[in-house]
Engineer: 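I have a structure I would like to understand better, so I am pasting it below and will then ask my questions one at a time.
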4 protein chains.
Amino acid sequence: MPKLRPETMAARRDEILAAAAACFARQGFHQTTIADVIAESGLSAGCIYGHFAGKDELIQAIGEQRHARDAALLTAARDSSDPLDGLRAIARAALADMQKEDGLRSRRIALQLWAEALRDDAIRVQVTEGVRRPIALIAELLQGGQRSGVIDRAINPRSMARTMVAMFQGFVLQRLWGEPFSTSEAMAAFEALLSGLATRR
Amino acid sequence: MPKLRPETMAARRDEILAAAAACFARQGFHQTTIADVIAESGLSAGCIYGHFAGKDELIQAIGEQRHARDAALLTAARDSSDPLDGLRAIARAALADMQKEDGLRSRRIALQLWAEALRDDAIRVQVTEGVRRPIALIAELLQGGQRSGVIDRAINPRSMARTMVAMFQGFVLQRLWGEPFSTSEAMAAFEALLSGLATRR
Amino acid sequence: MPKLRPETMAARRDEILAAAAACFARQGFHQTTIADVIAESGLSAGCIYGHFAGKDELIQAIGEQRHARDAALLTAARDSSDPLDGLRAIARAALADMQKEDGLRSRRIALQLWAEALRDDAIRVQVTEGVRRPIALIAELLQGGQRSGVIDRAINPRSMARTMVAMFQGFVLQRLWGEPFSTSEAMAAFEALLSGLATRR
Amino acid sequence: MPKLRPETMAARRDEILAAAAACFARQGFHQTTIADVIAESGLSAGCIYGHFAGKDELIQAIGEQRHARDAALLTAARDSSDPLDGLRAIARAALADMQKEDGLRSRRIALQLWAEALRDDAIRVQVTEGVRRPIALIAELLQGGQRSGVIDRAINPRSMARTMVAMFQGFVLQRLWGEPFSTSEAMAAFEALLSGLATRR
DNA sequence: GATGAATGAGCCTTCATTCAT
DNA sequence: TATGAATGAAGGCTCATTCAT
């Protein structure tokens, strides 16, 4: 990788990544050829290889983009006041994102990465790292709820956080397969789970 | 291409599929070459192509096997007595299967299929069909619970069934990525959800 | 090649050759697979290889059949009375054969053999042998005509015989390519050539 | 697949076609593998597939080259003065070409194409188109002869033109099979035919 | 820095042929 | 003798990657 002027470089990288993301979302990693990315970006093979060492690095970079997107979502949803409301805000943000064209496209790539994580260690680390933050945040909120007495002490915050994340991952899958899916339905189900966490009298 | 007698055929098909499943679980669909399947099966290229039109058909057939496995799991878990116990039995069966080597291997393939469903219509149909049955069965149990008064009438059975399936799909993902994961943790989370469905007094 | 009872053997051979001829005429030598011949004949691979050493021998045998057909045609057209009428009879027989479905099918194979003769010595010998007899016969008739004074002595019988055969070969080509082609047209052209051979006064 | 600049492309295309022509003339279409063309050209598989979609397109292009060669031959032979001399010039040009190494090589390919025309429609069109021009030109000359009174009005120009072409096609066949064949012999035969066309007194 | 023509290892697939039953 | 399942060498083609300009 030759060293380029940082600004130009960053701009080109983004250009390439945007093209790659479009291709990946449309055709998947393995069905996408470098030629596709070249056509989509309007650049040349040499140029792409000037910025990325190869297809794998391109996938890796796309994975980082996704990681960042999820982190941003989470940050935006952060609502420190009430623990339960904080959980609801996160849920709502995630579900809303899934209804936007942009969000869906990003999830299509996510699913590719989930599968890829099975055999590419770098991607597995990326994926599990990406999932760690929401889990930690949710677990914290749950602990907050336990401290303030609204959530049952018997609940294991980490397990429950993982379960909630699992739920949303499943929602993503079903949504991507084209199953009819409304945000309110999902929120209602989430509320049921929340009510199951309430302190027993 | 050669016309084979049904009996001979079935045996070889299974042999080939077993080899293919091993390869697919280990390396994924796209990283697996026909040469890999040949090596794994100990058969020849021509023999494989005598039974399957190509790699795609092999993937398709593997998908059907998985479909069948899930159906069998579900049937085995069927416990007609109490609705809530029925749900618990299904959850337990699914979670137990995920702890077995065999079950895990099968899930690795499932994840591949989930991703593949994004661009292969035949596989998408297979995957969504495969998910329809558990959803229907769970929804039925939930309705049974509503009829017998142990589950809140306000719950939408279909949505909740979908949510439960989503939860398990997410568990599968996390398990496959190597996250520490105990059946009892997951069952506890499931119980919390169940308690959230209970009729409010 | 195992030794079979001569009658059965001959019958099977013919069965196989008939199937092969049908395939070859339809698809050409190279586009025809042994599997095609198997399907067309209703026999098995092993059976075919019991009678023919391989595809090449099959082609060779088909070539001999064609050779024989032409020879039969020629014999039938033989009309010893008048030399010029003898030539006309041969021409008419050849042209008539080209109008029959059966004759056309055989010519399709002939054209394949003509091309094959370029690189297969055995076939080249077959083809040139097959052409030698008509040339010899025509040359004889021409010489007869020269002796009886109806044909110009300046004519080289062999060259002219070759030319006449060439003409018919060309007719075959054009007929096979689907060019409109009537027997009477061709006969008229042949008559013009004949009149060009007449003794100059 | 790569988009090439027209100039670069044309040069490489010719290089590839030259190599392909050499292989095809030597071994025939079906016996020639892409590997042969690669070896002959000194290029790589990828390069060849960058210029031609596949073997079929290569054959097609070779067919066009041949077409062009014949057209050039015809144009060069065009001698507008006397109709009969025009016909002689064409005959002589065609026969002379058959004696040159280059011409022979080209005819070997022609014969392949003639056979291929039986099952490939694109090639059949190419071949019949290629034959249409000489026929038309010869028919015109014959009509000219009829107008100027040197050729019998009873002759059908088109049929006779087709016959002459057929004759030369047959000459080509025999020449390719290695039959002894002198230009003067063939010209003498052609003269005989011409004299058969002369106006009857 | 960018270009794009060229590379070539490797993939999927076909099909003539064999051989145990 | 016939069967037909199995073989495996070989062919056509793709595509990630390189490098001279």
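Because the structure is a prediction, the values reported are computed rather than measured.
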Engineer: Drop me the distance from B/I123's CD1 to B/T128's OG1, to the nearest 0.5 angstrom.
Structural biologist: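 Between B/I123 CD1 and B/T128 OG1, I get 11.5 Å after rounding to 0.5 Å.
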
Engineer: What distance separates D/L58 CG from D/Q60 CD, expressed to the nearest 0.5 Å?
Structural biologist: 10.5 Å

Engineer: For a stem of at least 3 consecutive Watson-Crick or G-U pairs with distances under 3.5 Å, i pairing with j, i+1 with j-1 and so on, which stems involve DNA chain F?
Structural biologist: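 Looking at DNA chain F, the stems formed by three or more consecutive pairs are E:2-21 with F:2-21.
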
Engineer: Take atom CD of B/Q31 and atom P of E/dG10, then tell me their distance rounded to the nearest Å.
Structural biologist: 15 Å

Engineer: Would you kindly compare D/A45 and B/D56 by the position of their nearest DNA chain E nucleotide and give the one closer to the 5′ end?
Structural biologist: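 Going by which nucleotide is closer to the 5' end, it is D/A45.
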
Engineer: Roughly, in whole Å, what's the span from NE2 in A/H30 to P in E/dC11?
Structural biologist: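 Rounded to the whole Å, the gap is 14 Å.
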
Engineer: Taking side chain as C-beta onward, heavy atoms only, is D/Q65 less than 4.5 Å from D/I62?
Structural biologist: yes

Engineer: Does OP1 or OP2 of E/dA5 have a side-chain N or O of D/R12 closer than 4.0 Å?
Structural biologist: no

Engineer: Rounded to the nearest 0.5 Å, how far apart are CH2 of A/W177 and CZ of B/R124?
Structural biologist: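 With rounding to 0.5 Å, CH2 (A/W177) is 11.5 Å from CZ (B/R124).
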
Engineer: To the nearest Å, give me how far apart NZ (C/K55) and P (E/dT18) are.
Structural biologist: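 After rounding, the gap between these two atoms is 15 Å.
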
Engineer: Mind checking salt bridge (Lys or Arg N to Asp or Glu O under 4.0 Å) for B/R69 and listing every partner two or more places apart, or none if nothing turns up?
Structural biologist: B/D97, B/D102

Engineer: Mind checking salt bridge (Lys or Arg N to Asp or Glu O under 4.0 Å) for C/E15 and listing every partner two or more places apart, or none if nothing turns up?
Structural biologist: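 With sequence neighbours excluded, C/E15 shows a salt bridge (Lys or Arg N to Asp or Glu O under 4.0 Å) to C/R12, given in chain and number order.
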
